[in-house]
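Notes follow once the structure below has been shown.
A, B, ... follow the sequence lines: proteins, then strands. Residue 1 opens every chain. This is a predicted model, so every value here is computed, not measured.
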Amino acid sequence: MTGRNAPGFLLLIISLNLAFAACARRENSQPSGLPNRVQNQPTGAQQTGVETDDGQWTMPAKDYASTRFSSLDQINSSNVASLKLAWSFSTSVLRGHEAAPIVANNTMYVVTPYPNIVYALDLTQPGGPVKWKYESKPASASQGVACCDVINRGVVYADGKIFFNTLDDYTIGLDAASGKELWKTHVGDINKGETMTMAPLVVKDKVLIGNSGGEFGVRGWLTALDATSGKIAWRAYHTGPDADVLIGQNFHPFYTQDKGKDLGISSWPADAWRIGGGTTWGWISYDPDQDLIFYGTGNPGPWNPEQRPGDNKWTCGIFARKPENGEAVWYYQFSPHDLHDYDGVNEQILLDLPVNGQTRKVLVRPERNGYVYVLDRTNGQVLSANPYAYITSSKGVDLNSGQFLYNETKNPQAGKVIREICPAAPGAKDWQPSAFSPRTGLLYIPHQNLCMDMEGLEANYIAGTPYVGANVKMYAGPGGNRGEFLAWDPVKGEKVWAIQEKFPVWSGAVATAGDLVFYGTMDGWFKAVDAHSGQLVWQFKCGSGIIGQPISYRGPDGKQYVAVLAGVGGWSGAIVAAGLDPRDPTGALGFVNAMTDLPDATTKGGMLYVFALP
Amino acid sequence: MHSKKAKFVSRNGRALLMLIVVVSACKREQRQFDPPPTTTNPAIVQSELQPGGAPQPQTSTKSPVEENANALSDGKRLFSLYNCTGCHANGGGAIGPALMDETWIYGSDPASIHSTIVEGRPNGMPSFRGKISDYQVWELSAYVRSLSGQLRKDVAPGRSDDMNVHRSEQRVERKTPQQSTIPKAAEQP
């Protein structure tokens, strides 16, 4: 650093300190800032790390605890029937829209699937006209290494900046006011099969990002970039030696099976960890009290499990890490030696929960393998794991040893078709995030009801091409409905109510203080249901199927709005978004077989819808 | 009552039939242990618009394997071994487009498919130049064409060694190839 820059550097330190001080003040003032009703807990489940709701929606999960709860209550069950479309906006992209619209400083930010255009829409003007547009122009070849449609799960806003990932492995920082590119960092390689689809999370001065490509034999990682410069601060791999995984002396996993030196090498056949997957394409939560981030790792590669005997650490599990330097604090493996593509990347909601008469700091996770896990988030202990879907592939979780108990009759084998494996490869729930209402104490889980037939095949590793080794056919589970939207009581560990949907519920959910929950269906219905009873109270037919994440925000006019992106696609909607042939049941890794009637129910087209009371 | 003449005709007919079977089976059953080098500079025309009206002479390179059942069987195996199935599934498509339907983005003739595999295509089809031998590329191209019923039924593979996913290539409905009207690249800004 030259002397000339020193005053600037000082200023930066001062402003960072000010920012931290502001954070601390905000945290301290929490209790008084909360609406009274939020503190009355009907069931005893409490949201932790509650940030005062200023009516904005700056990150896809709404807050660090990942509640997706809006404390706005203008729209409620008594007036929701008159909810109307306020305005809409075409993204000009036709593939699957999984992103959450982000709202900050009276501006809405939307990122499209490939080619990853970011739009800033001016909420102070009627109809939300475009304030600026940023075209990231990803390499068109990157479309060829995106396993499950060319989707993107959203931007994040922090400190006057917008951060997002592109399909061809760049993380980009933009000036939120002007759309000017501040930095652009190349973090992965499409020629190894790496892409990026997740929404970043910003913790203090770090932008946290991860790679996709579990179906291409990539080596999964989580990386922290400096929010100001875009430079890589640290990277933690999810396979290989402890030094690469950032496992050091402060690593204290709860269970014996996760203890030992270099398990990321010894739990694999020789060198298989180099192409072993364990990617990070889901959700990260942050607990400011413990100063820990929590996030999961994806499936091991290839799918054919016979090619990778061992526990395949650290795939299909959850890490707690220090955001400052990335060091691992604890880890738990949901699906050791994964057999069925049960990635461990789902959202974790941070709550304070009464367990056996004691309030515990927990994280609640509707896991892909079909169980809602409640983990002590201070040490990674499994407190409970109750099924929320139809399961044949496992018998449960041993709460003493933490071991996942597979049903061996459903283990895939090469050259043999194993039938009725439930849940199917996308799990009982895939990436689509649930919402938690502190008013009802319930978790609202959008998910699917699918089973599969699977045959293992020999997978050849050719860098940059798929590394799967399986023939898969999916179909509806018991009942015939392929989707379900359910309310879950995390204290009792049981289902409260459920709505059956024809297609997988592939959209996120948002819960509001008006005691409503919003979600969308793949045939294009955007629905509001009563948070207590699950009764349908309002619906609107969008132009295309909905797989995006709904949000709610307060506009500059003081009114409450609800917004969602429509635009069918994703893994489940690939048959429409990519025009696949329904005669091949193994299309889209076997999802086509379960979705042959989707082309009759919807067409493609990316569109933002914003609703308000008249 | 049958006359001698009728018997003669029938015997001759049988012989003729045998001859036809033998002749056609000749290529079908041929094993090429030392595959000949093939030219890979086909003149491919992908547009119906040809200035001046006079169509360009199309000198499509003839595939050396399209009438050979053994090559097709190899092609089916290679389609899985080179991870083509990872993107195109068993013809229905996934990351890449379906290959069993009538829509062709970059041409349905053997030479076009050959060059698609070797050169790659801009929206995600990798270039396999230098990765797959030329003869195997022809075997793959032929197999790709069999997925939509473009080849003779007695040449296309009749069964699958793995999970039965759809009608065999031998029994698949023949689709008349059509050029894609909306190229993938034009769908997106």
Part of A:Val468 within contact of chain B (heavy atom distance under 4.5 Å): neither
When every non-hydrogen atom of A:Gly587 is compared with those of B:Ala89, the smallest separation belongs to CA-CB, 3.6 Å
Within this structure, what is the CG-CD1 distance for the pair A:Leu580 and B:Ile95, rounded to the nearest 0.5 Å? 10.5 Å
Okay, A:Asp453 and chain B: the region with an atom under 4.5 Å from a heavy atom over there is both
CE-CD1 distance between B:Met163 and A:Ile418, expressed to the nearest 0.5 angstrom: 10.0 Å
Under 4.5 Å from a heavy atom of chain A, the part of B:Met100 involved: both
With a 4.5 angstrom heavy-atom cut-off, could you sort out which part of A:Phe216 is near chain B: side chain, backbone, both or neither? side chain
Check each atom of A:Leu457 against the heavy atoms of chain B and say whether the ones under 4.5 Å are side chain, backbone, both or neither. side chain
Any chance you could measure B:Ile132, atom CD1, to A:Ile462, atom CD1, to the nearest 0.5 Å? 7.0 Å
Determine yes or no for a side-chain-to-main-chain donor-acceptor pair under 3.5 angstrom, with A:Asp584 supplying the side chain and B:Gly92 the backbone. yes
Identify the two heavy atoms, one from B:Ala94 and one from A:Ala588, that lie closest to each other, and give their separation to 0.1 Å. CB-N, 3.5 Å
Calculate, to the nearest 0.5 Å, the distance between atoms NZ and OG1 belonging to B:Lys131 and A:Thr465 respectively. 10.0 Å
Could you check whether atom NZ of B:Lys175 has more than 12 heavy atoms from other residues, nucleotides or ligands sitting under 6.0 Å from it? yes
B:Asn90 versus A:Asn471: any side-chain heavy-atom pair under 4.5 Å? yes
Contact class of A:Ala574 relative to chain B, heavy atoms under 4.5 angstrom: neither
Near B:Lys153 NZ, under 6.0 Å, is it more than 12 heavy atoms from other residues, nucleotides or ligands? yes
Taking the side chain from B:Asn83 and the backbone from A:Pro466, do they hold a donor-acceptor pair closer than 3.5 Å? yes
Between CG on residue A:Asn460 and OH on residue B:Tyr82, distance to nearest 0.5 Å: 9.0 Å
Taking a cut-off of under 4.5 angstrom between non-hydrogen atoms, the residues of residues 165-174 of chain B near chain A are B:Val165, B:His166, B:Val172, B:Glu173
Looking only at non-hydrogen atoms, find the nearest pair between A:Gly144 and B:Cys87 and report the distance. O-SG, 4.1 Å
